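The structure appears right after this line, and notes come after that.
This one's a predicted model, so the numbers in the text were calculated from it and none came from an experiment.
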Amino acid sequence: MKIQEVFESYINSDKTKSSLKAHKGKVDKYISFTGNQDVETALVESLLRKYIFEDKELKPKGKYDALNNFYHFYYEEILKVSKRNVPLFPIDTKELVSWTNKEKRRPVYFPKEFDFNCLFEDRYYEHLNNYGAALAVKASLSLALSAGYDSGEMFPTNGEHEKAMKMDDVIIEGDYVKVRNFSSQSTVPFILMRGKNAEYIKEYHKLRMSFPIKKAWQKSHFIANTWKTNELSFDPKIASRVYIPHDLVSYMLKYISLKEGVPTPLITDLRANMVLHSLYNSKGSALQDIIELYGFLPFVKQAFEEYCMTTSRDKEPIFSVLALEMVQSEEAFNDEEDEKKKIESRINVIDRLVRDSVKVKKLKKIYGNSCQICNEQITFIDGISYSEVHHIQPFNKFHQGIDDNSNMIVLCPNHHKIFDMGIIALDPENHQRILHVDSKNHLNQKMLVASKHQLSSTHVRYHYENIFMPLRESLLETRKQEVL
Ligand SMILES: [Zn+2]
């Protein structure tokens, strides 16, 4: 039955006359939004969620009421399900509250002592009665919890499948599974998975390779319908039927949360939960590794904020390297001052540090870690190479250089040192010509071997005038006196 047909009975039904005026337009809009599919595939969580929260034209509350009403009409009047037995509307009213006045809702977090392993316990999956479906959920949960994938990155929804993860984003290598890193803020291309989570991915991969995928738009995707819809059975209090992987994972999260007596997170919240719990388990020291892997993306930021709020009484330092900068920026707040400001300041410090280190890494990547003066590339035994980034106008309080590509040059450690000291400089008239304090030195008047980014004249001139020239003059002075 097409959703449009249900809508027609809905309009003509006496039962809905009173509420119809307010709801009709919104339901009608939903029908064109779904492209008039069969009602069962149109009334699914992922689409409802998208329409209610992501469509910016109308406020979520109105759309929620209209669709909730229509949903009940469908079950009670078309399917003749008694009121008590209608499955839960896939979106909870609480979500509307957490969405209001915020661009993005706060994730729902599992309690501190929650054991993620219970999400994989077979006893919760038995009622589905389907190996392929259970494994698809376990693989999705593993990707979320160990590789930080969220629903948009894992699941194709009809029409938006370009964004979702593909078969070749997953590489099986012996005991390991390598998954493409989705984060644009990170320079780490793959996330390495091992242990139990890797096993679920491997097992699913095997099944996925041999399973005939029916839906054309899922053919190249890693997580797809590896089951037949009519084979599944559900807890009717939560859902009667589920058609696509996104909704199946949501359903299982609801099912397990109810059984465990914990709040139900969205699939998208799992990665924030993963970050929060690794912060708990490591007393905060995991943050640096997490940032290395994902950058300081909103879900990392949110989890860190939650961590600071729930552990704000702990007096222990949060993590070593960043701690000093953090303490300095927190000096401005005394004890009586609001905890919230302190947390914000921590987040700002980390945010800046991350942005800076991402900039430096990107620049080094452009030059393949080779020195712009001598082309030297220092390579360690495992193929990892090393270079340094020099700030032409020094990046400190005294010289007040800025942390921007136009003030940076990639160098080997030797040339970094002599650039720092002012023994060499770049010509302020031609940013690619090297000047040496000793005009007879082989580097003098040589050009940079690689120059792939623009430098700012201000910074080049600053280094030349304030660091290079004073050194050169004092050396010439010394030589004059020696000659005499
Ligand atoms: Zn060099």
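- Of the charged side-chain nitrogens involved, none lies within less than 4.0 Å of a carboxylate oxygen, so that Glu477 and Arg472 do not count as a salt-bridged pair.
- Nearest approach of Ile244 to Ser46, heavy atoms of both residues: CD1-OG, 3.2 Å.
- Nearest heavy-atom pair across Val410 and Ser370 is CG1-O, 3.7 Å.
- No more than 12 heavy atoms of other residues, nucleotides or ligands sit less than 6.0 Å from atom CE of Met421.
- The aromatic rings of Tyr280 and Tyr307 sit tilted relative to each other, their planes meeting at an angle between 30° and 60°.
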>> Using salt bridge (charged side-chain N to carboxylate O under 4.0 Å, His left out), reason through Arg461 and Glu429 one step at a time and then give a plain yes or no.
In response: CA-CA 8 Å; Arg461 187 170 293 282; Glu429 302 300 326; 3.1 Å; yes

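- The nearest pair of heavy atoms linking Pro90 to Lys254 is O-NZ, 2.9 Å.
- For the atom pair Arg180 CZ and Asp168 CG, the distance stands at 8.5 Å (nearest 0.5 Å).
- The CG atom of Asn407 lies 6.0 Å from the NE2 atom of His391; values are rounded to the nearest 0.5 Å.
- Without hydrogens or angle criteria, Glu45 side chain to Ser250 main chain gives no donor-acceptor distance under 3.5 Å.
- In plain terms, the two heavy atoms of Phe299 and Tyr294 that are nearest each other are CZ-CG, 3.9 Å.
- In Lys219, the NZ atom is crowded: over 12 heavy atoms of neighbouring residues, nucleotides or ligands sit closer than 6.0 Å.
- Side chains of Tyr462 and Gln400: a donor-acceptor N/O pair is absent below 3.5 angstrom, by distance only.
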>> Between Tyr109 and Gln302, does the side-chain hydrogen bond (donor to acceptor under 3.5 Å, both in side chains) criterion hold? Intermediate values first, please.
In response: CA-CA 11 Å; Tyr109 293 107; Gln302 283 173 323; 5.2 Å; no

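- Considering all non-hydrogen atoms of both residues, Leu135 and Tyr200 come closest at CD1-O, 4.3 Å.
- Within a 6.0 Å sphere centred on NZ of Lys362, heavy atoms belonging to other residues, nucleotides or ligands number 12 at most.
- Salt bridge annotation for Lys202-Glu199: present, with a cationic side-chain nitrogen under 4.0 angstrom from a carboxylate oxygen.
- Annotation: cation-pi pair Lys63/Tyr30 absent, no NZ/CZ under 6.0 Å from the ring centroid and within 45° of its normal.
- Counting heavy-atom neighbours within 6.0 Å of Tyr176 OH, excluding the residue itself, gives a total of 12 or less.
- In summary, of the residues considered (Thr268, Ile91, Asp247), a side-chain contact (heavy atoms from CB on, under 4.5 Å) with Arg49 occurs for Ile91 alone.
- Here CD1 of Ile423 is found 12.5 Å from CD1 of Ile467. Values are rounded to the nearest 0.5 Å.
- In this structure, OH in Tyr367 is found 7.5 Å from CD1 in Ile409, a value given to the nearest 0.5 Å.
- The salt bridge (charged side-chain N to carboxylate O under 4.0 Å, His left out) analysis of residues 263-280, with sequence neighbours excluded, yields the pairs Arg105-Asp269, Asp150-Arg271, Glu153-Arg271.
- Rounded to the nearest 0.5 Å, atoms CE (Met154) and CD1 (Ile267) are 6.5 Å apart.
- Rounding to the nearest 0.5 Å places CD1 of Ile52 at 7.0 Å from CG of Leu96.
- Within 6.0 Å of NZ in Lys417 there are 12 or fewer heavy atoms belonging to other residues, nucleotides or ligands.
- Within 6.0 Å of CG in Asn466 there are more than 12 heavy atoms belonging to other residues, nucleotides or ligands.
- In this structure, a donor-acceptor pair under 3.5 Å is absent between the side chains of Ser183 and Asn181.
- The aromatic rings of Phe419 and His390 sit tilted, their planes meeting at an angle between 30° and 60°.
- With sequence neighbours left out, the side chain to side chain donor-acceptor pair (under 3.5 Å) criterion links Ser451 to no other residue.
- Nearest heavy atoms, His463 versus Gly422: NE2-CA, 4.3 Å.
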